[in-house]
Student: 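Have a look at the structure that comes next, please.
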Amino acid sequence: MSEIVRTRFAPSPTGYLHIGGARTALFNYLLARRLGGKFVLRIEDTDQTRNIEAADQKLMEDLRWLGLQWDEGPEVGGEFGPYHQGQRLELYRERAKYLLETGHAYYALETREELEQMRAAARARGEKGFRYPRPQRFPTEAEAEQARRAGRPVVIRFKMPDRDFTVPDRILGDVHIAASELSDFVIIKGDGWPTYHFAVVVDDAAMHITHVLRGQEHLMNTPNHMALQEAFGYPVPTYAHLPIIFNMNGTKMSKREKDKVVRDAAKAAGLDEQKVMELAGVADPQLVRLWRAGETQLPGDALARLAKKLAVHVPEIEIHDFRKSGYLPEVLVNFIALLGWSPGDSREKFTLNELCRVFTLERVGKTNARFDRDKLLAFNTMAFEAADMPRKLAAFRDWLSVNEPGPMTGLDEATLVRVLEACHGFRTFEDVDRKAGVLFAADDAYPYDDKAVRKWLLKNEAAGLKVVRDLKALLAAATDWSSATLDDLIRRYAEQHSLELGKVAQPLRVAVTGTTISPQISETLGLLGRERTLARIERAVRVAESLAA
RNA sequence: GCCCCCAUCGUCUAGAGGCCUAGGACACGGGCUUUUCAAGCCCGCGACACGGGUUCGAAUCCCGUUGGGGGCGCCA
């Protein structure tokens with residue numbers, strides 16, 4: 001029997017998993033775990049025009065990265081598969097035929113244009129919302145076939161019962177929707193594929209789904225689903241509509257936002273079409289033209305390239321973005337869980353397993369939430385602080401693996417550990433990269449920040465330069481290259497010359513990294529090693545002198 | 001426009017009639033620490049949208065207003 005709880009996450013494959021989807025997936029996962037049930041993954045790829053190549057793979061990769069492994073679905077199988085709706089067309093056709101034969105559905109022959117006109121006319125007449133007018137006489141099978149042959153579209157519509165519906169929602173309570181708000185909706189599209197409303201009902205029943213947790217944007221669709229269930233004699237699952245997640249500015253979180261940020265930066269930098277193509281590495285001028293006009297999105301890698309050249313931070317929207325920015329999956333899970341759910345006390349730190357034990361629908365709120373990046377960042381920082389080295393190391397390697405190869409790619413474990421220790425207090429791996437990446441760049445190629453060089457090496461009659469030169473000799477003669485020795489050497493030098501430590505450490509830091517940001521100076525030198533430190537100081541002296549000249 | 005949902009600090013939230021002079025977290029402000037960037041520590045600022053009821057008593061219940069959000073597709 002199907003007394004066992006079964007939940008599902010049913011994304012459409014349009015790209016990576018985004019925050020809202022991740023939250024829906026998480027809550028479904030948690031509910032199933034909490035109630036000892038099964039969590040099913042189903043790919044809703046019924047819109048052939050929107051499907052994106054390999055998007056299901058990306059979705060699954062993100063889900064797994066978060067730790068939300070499904071019990072049934074693509075790649076793991078299960079007794080109610082297949083789990084791609086595109087592979088279940090026979091079932092939908094059979095079910096639609098049943099509805100047709102039992103008088104619950106009928107053919108409709110209007111073109112999209114005709115429907116648009118009908119909608120416009122209804123609006124002109126001042127009607128409240130468009131409802132498809134059910135015809136007196138329905139097109140026959142023969143007429144449908146004739147229309148098909150004539151190349152006209154043929155869809156199947158469901159005969160919506162003429163009565164009010166009450167959606168029993170576990171979060172919102174009973175929601176009443178009047179019959180006047182409902183109409184005969186399409187269940188089979190012109191291309192023969194099912195609509196979402198149809199496929200979702202057929203599959204939820206076929207897969208014995210008991211609880212449907214989904215975004216609140218689906219609330220008004222629910223009567224359609226309930227009517228379908230009634231027509232089929234399917235049980236009505238428990239519904240729970242989740243509040244929506246917004247950006248801090250109250251707008252909906254959307255992938256388009258990433259493009260907007262970069263587009264605005266490109267505009268501010270005065271880049272023309274040619275330049276954008278060049279920097280983004282895009283060969284199609286038409287694409288760039290549309291993108292500049294705000295009418296389309298750039299491929300992810302192209303956008304990332306352009307953003308990097310413009311030095312703008314692209315807001316993370318999709319789970320994969322957070323992964324690439326150096327967030328921990330357990331932090332995202334923890335944080336997302338708190339968007340719409342709370343334990344009832346002031347506790348905020350939860351692992352996935354802990355959430356599985358305490359999650360209940362009763363504690364899910366009704367109010368929409370804003371996605372506070374600052375708080376997420378703080379969570380990430382605290383998690384790193386609390387994580388042990390094996391965890392940090394594994395996460396660091398994961399981060400390196402999903403980003404373009406950089407100076408730290410391929411470093412051995414001992415060095416990676418040392419880097420992480422040297423960078424303690426970091427918030428994301430981007431911090432680590434920003435702080436220590438330059439130490440692994442070629443000694444003759446890393447850039448010098450002119451401002452830093454002027455301030456710390458050239459100012460006050462090149463006081464910093466003198467310090468650096470002195471130190472070079474001392475460092476060359478150091479007995480060994482341990483952090484302790486280096487620290488001691490630097491402190492002693494400062495003391496002997498009555499200088500504050502900052503007056504010694506900063507010039508040295510600028511000399512060996514080109515910037516004012518690096519791990520503690522003795523660690524910085526330690527990581528570089530004697531030879532490279534000396535080589536870098538030499539180069540710094542040359543750079544500073546040429547800048548002064 | 002019509003229908004539906006929602007409403008506590010800037011943000012996420014605790015609060016299920018007296019425990020609330022409303023608690024926590026992040027952000028913010030100030031201070032400490034300091035060799036940069038972070039991190040850390042201490043202190044502080046800060047909300048029941050508004051108006052009516054109900055009640056001995058309301059952030060908590062009811063109604064209205066306002067505000068926010070969602071829906072009104074051959075998208076999901």
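In what follows, chains carry the letters A, B, and so on, assigned in the order in which the sequence lines appear, proteins first and then strands, with residues in each chain numbered from 1. Everything numeric here is computed off the predicted structure, so don't read it as measured data.
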Student: Among B:C2, B:G70, B:C74, which is the nearest nucleotide to the side chain of A:E217?
Tutor: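 Of the options given, the side chain of A:E217 lies nearest B:G70.
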Student: Would you indicate whether A:K503, at its atom NZ, is surrounded by more than 12 heavy atoms from other residues, nucleotides or ligands within a distance under 6.0 Å?
Tutor: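 12 or below, so no.
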Student: Looking only at the side chain of A:M220 (C-beta and beyond, no hydrogens), which of the listed nucleotides B:A39, B:G24, B:G71 gets closest?
Tutor: B:G71
Student: If you only use heavy atoms from C-beta on, which nucleotide in B:G24, B:G15, B:C12 is closest to the side chain of A:S346?
Tutor: B:G24
Student: What residues form a side-chain contact (heavy atoms from CB on, under 4.5 Å) with A:E217, not counting sequence neighbours?
Tutor: A:I244
Student: Charged N to carboxylate O under 4.0 angstrom, A:R131 versus A:E181?
Tutor: no
Student: Just the rounded figure in Å: distance from C1' of B:A38 to CD of A:E421.
Tutor: 17 Å
Student: Does the distance from a Lys or Arg side-chain N to an Asp or Glu carboxylate O, for A:R491 and A:E495, drop under 4.0 Å?
Tutor: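 Looking at A:E495 together with A:R491, the answer is no, because their closest N to O distance does not fall below 4.0 Å.
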Student: Pick base, sugar-phosphate or nothing for A:V175, based on heavy-atom distances below 4.0 Å to the nucleic acid.
Tutor: sugar-phosphate
Student: Which nucleotide, B:A76, B:C5, B:U11, lies nearest any side-chain atom of A:L172?
Tutor: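 Taking heavy atoms from C-beta onward, the closest nucleotide is B:C5.
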Student: Return the nearest nucleotide to the side chain of A:S342; candidates are B:G40, B:A14, B:C2.
Tutor: B:A14
Student: Hey, is A:R152 close enough to A:E113 for a salt bridge, meaning N to O under 4.0 Å?
Tutor: no
Student: Look at the side chain of A:K366 and the base of B:C6, then say whether one donor and one acceptor between them are separated by less than 3.5 Å.
Tutor: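 No pair found.
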Student: What nucleic acid atoms does A:R427 come within less than 4.0 Å of, heavy atoms only: base, sugar-phosphate, or nothing?
Tutor: sugar-phosphate
Student: Quick check: any donor-acceptor pair below 3.5 Å linking the side-chain of A:K375 to the base of B:A25?
Tutor: yes
Student: B:U11, B:C6, B:G70: which one has an atom nearest the side-chain heavy atoms of A:R370?
Tutor: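 From the listed options, B:U11 comes nearest.
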Student: Let me know the distance between CG of A:N380 and C1' of B:C26, rounded to the nearest Å.
Tutor: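 Value for this atom pair: 14 Å.
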Student: Checking all strands, does A:Q216 fall into the base, sugar-phosphate, or nothing category for heavy-atom contacts under 4.0 angstrom?
Tutor: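 Sugar-phosphate contact only - A:Q216 comes under 4.0 Å of backbone atoms but never of a base.
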Student: Would you say B:G73 has OP1 or OP2 under 4.0 Å from some side-chain N or O of A:R119?
Tutor: yes
Student: Can you figure out which of B:G70, B:C12, B:C37 approaches the side chain of A:F246 most closely?
Tutor: B:G70
Student: Rounded to whole Å, please give me the gap between CD1 in A:I336 and P in B:A25.
Tutor: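 Computing the A:I336:CD1 to B:A25:P distance gives 22 Å.
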Student: So that I can tick it off, tell me whether A:K97 and A:E94 are bridged by a salt bridge, with the cut-off set at under 4.0 angstrom between side-chain N and carboxylate O.
Tutor: no
Student: Remember a base hit wins even if backbone is also touched, and classify A:I521 as base, sugar-phosphate or nothing at under 4.0 Å, heavy atoms.
Tutor: base
Student: Nearest whole Å is fine: how far is B:C4 P from A:N224 CG?
Tutor: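 Interatomic distance, CG of A:N224 to P of B:C4: 16 Å.
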Student: As a test of reading the structure: which of B:U36, B:C5, B:C74 is closest to the side chain of A:L219, going by heavy atoms?
Tutor: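 So the side chain of A:L219 is nearest to B:C5.
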Student: Do A:L41 and A:P11 have side chains that approach each other closer than 4.5 Å (heavy atoms only, starting at C-beta)?
Tutor: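 The answer is yes, as the side chains (C-beta and beyond) meet within the 4.5 Å cut-off.
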Student: Tell me which nucleotide, if any, is Watson-Crick or G-U wobble paired with B:C41 when both distances must be under 3.5 Å.
Tutor: B:G31
Student: Which part of the nucleic acid, if any, lies within reach of A:P153 when heavy atoms closer than 4.0 Å are counted: base, sugar-phosphate only, or nothing?
Tutor: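 The residue A:P153 makes base contact.
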Student: Classify A:I188 by what it touches in the nucleic acid, base, sugar-phosphate, or nothing, heavy-atom distance under 4.0 Å.
Tutor: nothing
Student: Please determine, for B:G64, whether a Watson-Crick or G-U wobble partner exists with both distances under 3.5 Å, and give it or none.
Tutor: B:C50
Student: By the definition side-chain contact (heavy atoms from CB on, under 4.5 Å), identify the one residue from A:E143, A:E141, A:R157 that meets it with A:Y107.
Tutor: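 So the option named by the test is A:E141.
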Student: Could one point to a donor on the side chain of A:D372 or the base of B:A27 with an acceptor on the other under 3.5 Å away?
Tutor: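 Result: no qualifying N/O pair found.
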Student: Look at the side chain of A:Y196 and decide which nucleotide, out of B:C12, B:U35, B:A76, has an atom nearest to it.
Tutor: B:A76
Student: Is any side-chain N or O of A:Q506 under 3.5 Å from a base N or O of B:U35, one able to act as donor and the other as acceptor?
Tutor: no
Student: Among B:G40, B:C74, B:G73, which is the nearest nucleotide to the side chain of A:F130?
Tutor: B:G73
Student: Give, ordered by number, those residues of residues 44-54 of chain A having at least one heavy-atom distance below 4.0 Å to an atom of RNA chain B; if nothing qualifies, reply none.
Tutor: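 Contacts with RNA chain B under 4.0 Å: A:E44, A:T46, A:D47, A:R50.
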Student: Name the nucleic acid region contacted by A:R347, choosing base, sugar-phosphate or nothing; use a 4.0 angstrom heavy-atom cut-off, strictly under.
Tutor: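 No contact.
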Student: Under a 3.5 Å cut-off for both contacts, is B:C2 paired Watson-Crick or G-U wobble with anything, and if yes, with which nucleotide?
Tutor: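 B:C2 is paired, partner B:G71.
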Student: Are the side chains of A:M160 and A:S183 in touch, meaning some heavy atoms are under 4.5 Å apart?
Tutor: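 With C-beta onward as the side chain, the pair stays apart.
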Student: Roughly, in whole Å, what's the span from CD1 in A:I517 to P in B:A39?
Tutor: 12 Å
